[in-house]
Amino acid sequence: TFIIMLLAALLTGSLAYRLKDSARESARAAYRTKVLFDTNQLLQKSRTYDDVLQVMANQVILLLDKDIVIYPVKNGRIDNGYIAKDVYGNSEIYMDDSEYEVVQWVLKNKKRAGATTEKFSEAKHLYLAVRNNDIVYGILGILVEHESLSSFEYSVLLSILGECALAFVNLDNE
């Protein structure tokens with residue numbers, strides 16, 4: 001009787017764990033869908049380049065709750081960056097020359113760089129290009145220092161950036 005009860009308890013515990021894991025994944029998928037749906041709805045209302053950047057900043061802040069900086073790219077050149085969120089009052093690290101060098105590299109190579117990557121790993125921010133094909137519309141910097149984003153956060157972030165790049169393309173076509 002003891003052995004049968006032990007096996008039943010182990011089986012029940014294993015099934016409960018799988019069910020909790022499945023519920024967690026479903027909640028993540030629902031959250032991702034909601035964030036992307038909200039992003040899409042907000043981007044459809046955006047009429048200017050700055051509106052799209054503001055939507056992007058708000059959605060990334062909502063997703064990650066981290067300090068971010070945005071560098072608009074106009075006519076292939078980096079415009080003045082602005083801080084979209086600065087919780088800790090570290091604004092001086094955003095405009096640091098070494099950080100700006102990373103931003104220029106991201107613009108030129110159209111790849112991510114900075115903290116948690118092999119390129120410019122000493123940077124405090126992770127920089128991602130908001131781009132469609134070979135056109136970069138902006139560069140997003142996220143203060144991550146040495147803590148990397150989870151694969152879930154990163155996949156949602158890339159989806160948001162992709163949506164924003166499409167919004168820029170639509171603005172260019174109008």
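Please read these numbers as outputs of a predicted model, since none were measured by experiment.
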Handout entry: Set of side chain to side chain contact (heavy atoms under 4.5 Å, CB included) partners for N58, sequence neighbours left out
Key = Q54

Exercise for the section: Linking directly or through intermediates, with side-chain heavy atoms under 4.5 Å: list the remaining ILVMFWY members grouped with Y17, chain and number order. Expected result: none

Practice task
Kindly indicate, with the supporting measurements, whether the criterion side chain to side chain contact (heavy atoms under 4.5 Å, CB included) is fulfilled by R112 and Y154.
Solution key: CA-CA 12 Å; R112 69 186 180 123; Y154 191 69; 2.9 Å; yes

Could you pull out all donor-acceptor pairs under 3.5 Å where a side-chain atom in residues 2-14 meets a protein atom, sequence neighbours excluded?
residue : atom : partner : partner atom : Å
T12     : OG1  : A8      : O            : 2.7

Handout entry: With sequence neighbours excluded, residues passing side chain to side chain donor-acceptor pair (under 3.5 Å) with Y31
Key = none

Exercise for the section: Run the salt-bridge test on D21 and R24 with the 4.0 Å N-O cut-off and return the result as yes or no. Expected result: yes

Could you list the donor-acceptor pairs under 3.5 angstrom formed between side-chain atoms of residues 160-168 and any protein atom two or more places apart in sequence or on another chain?
residue : atom : partner : partner atom : Å
E163    : OE1  : N40     : ND2          : 3.2

Handout entry: Parallel, tilted or perpendicular, as decided by the 30° and 60° cut-offs, for the rings of F120 and W105
Key = perpendicular

Exercise for the section: Can you measure from CG (L128) to CG (L158) and round to the nearest 0.5 angstrom? Expected result: 6.5 Å

Practice task
Evaluate the side-chain proximity of T117 to L126: yes if any heavy-atom separation is below 4.5 Å, no if none is.
Solution key: yes

Practice task
State, to 0.1 Å, how close S159 and L36 come at their nearest heavy-atom pair, and which atoms those are.
Solution key: CB-CD2, 3.4 Å

Exercise for the section: Check A123 against V102 and note the closest heavy-atom contact, atom names and distance. Expected result: CB-CG2, 4.1 Å

Exercise for the section: List the steps and the verdict of side chain to side chain contact (heavy atoms under 4.5 Å, CB included) for V169 and N133. Expected result: CA-CA 10 Å; V169 169; N133 297 327; over 6 Å; no

Completion exercise
Rounded to the nearest 0.5 Å, the CD atom of Q59 sits from the CG atom of L157 at a distance of 11.5 Å

Exercise for the section: Answer yes or no: is there a side-chain heavy-atom contact under 4.5 Å between L140 and V60? Expected result: yes

Exercise for the section: Given side chain to side chain contact (heavy atoms under 4.5 Å, CB included), test V103 with I78 step by step and report yes or no. Expected result: CA-CA 8 Å; V103 172; I78 299 169; 3.5 Å; yes

Exercise for the section: Could you list the residues that satisfy side chain to side chain contact (heavy atoms under 4.5 Å, CB included) with E153, not counting sequence neighbours? Expected result: L64, L149, S150

Fill in the blank from the handout: Nearest heavy-atom approach of L107 to G76 is CD2-O, 3.7 Å

Handout entry: Minimum heavy-atom distance between S46 and L171, given as atom pair plus value
Key = O-CD2, 4.2 Å

Practice task
Could you list the residues that satisfy side chain to side chain contact (heavy atoms under 4.5 Å, CB included) with K110, not counting sequence neighbours?
Solution key: R131, D134, V136

Completion exercise
By salt bridge (Lys or Arg N to Asp or Glu O under 4.0 Å), R47 pairs with (sequence neighbours left out) none

Exercise for the section: Provide the closest heavy-atom pair for K124 versus L143 in the form atom of the first, atom of the second, distance. Expected result: O-CD1, 3.4 Å

Problem - Point-to-point distance, once rounded to the nearest 0.5 Å, from CZ of R77 to CD of Q104 - result: 10.0 Å

Handout entry: Interatomic distance, E25 atom CD to K20 atom NZ [nearest 0.5 angstrom]
Key = 15.0 Å

Problem - 4.5 Å side-chain heavy-atom contact, I70 and M56 - result: yes

Practice task
Would you mind reporting whether K66 and V144 have side-chain heavy atoms less than 4.5 Å apart?
Solution key: yes

Handout entry: Residues in side chain to side chain donor-acceptor pair (under 3.5 Å) contact with N75, at least two apart in sequence or another chain
Key = none

Exercise for the section: Could I get the full list of salt bridge (Lys or Arg N to Asp or Glu O under 4.0 Å) partners for K74, not counting sequence neighbours? Expected result: D79

Problem - side chain to side chain donor-acceptor pair (under 3.5 Å) partners for N109, two or more places apart - result: none

Handout entry: salt bridge (charged side-chain N to carboxylate O under 4.0 Å, His left out) pairs, two or more places apart, involving residues 29-38
Key = K34-D38

